[in-house]
Amino acid sequence: MTRILVDFDRCEGHGLCEQTAPEVFRLDDEGELHLIRDEVGPEHESSVAAAARVCPVAALKVQP
Ligand code: SF4
């Protein structure tokens, strides 16, 4: 399993993570980020890693 860590203090609600991995990240109407799950199996590892790369403020970390 891959664990997803979010630094909510850094997150500015850009939503690129949601576009990249909508199975994990969801922004609410206020622009607040929510994790649908904080661990994913191998089938979602690459999309979660891609979301961490596209976050413009480096708020996402992925722990294998
Ligand atoms: S891409 Fe980064 S800044 Fe944007 S909502 Fe996701 S975690 Fe927050």
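The structure presented is a predicted model; accordingly, all values stated were derived computationally and were not measured. Start at 1 and go down the list; that is how both ligands and their atoms are numbered.
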Legend entry - Thr20 to Ser47 - nearest heavy-atom pair and separation: CG2-O, 3.8 Å
Inset, instruction - Please check if the side chain of Arg10 supplies one atom and the backbone of Val57 the other of a donor-acceptor pair under 3.5 Å. - result: yes
Inset, instruction - Using atom types as modelled and distance alone, determine if a side-chain donor or acceptor of Glu18 lies under 3.5 Å from a backbone N or O of Leu27. - result: yes
Legend entry - ILVMFWY cluster, Phe8 and Val62 together (side-chain gap under 4.5 Å): yes
Legend entry - Test applied, side-chain contact (heavy atoms from CB on, under 4.5 Å); reference residue, Val24; option that passes from Leu60, Thr2, Val48, Ile36: Val48
Inset, instruction - Count the heavy atoms belonging to other residues, nucleotides or ligands that lie under 6.0 Å from CZ of Arg37, then report whether that count exceeds 12. - result: yes
Legend entry - Sum of protein N, O or S atoms, each under 2.8 Å from atom 2 (Fe) of ligand 1: 1
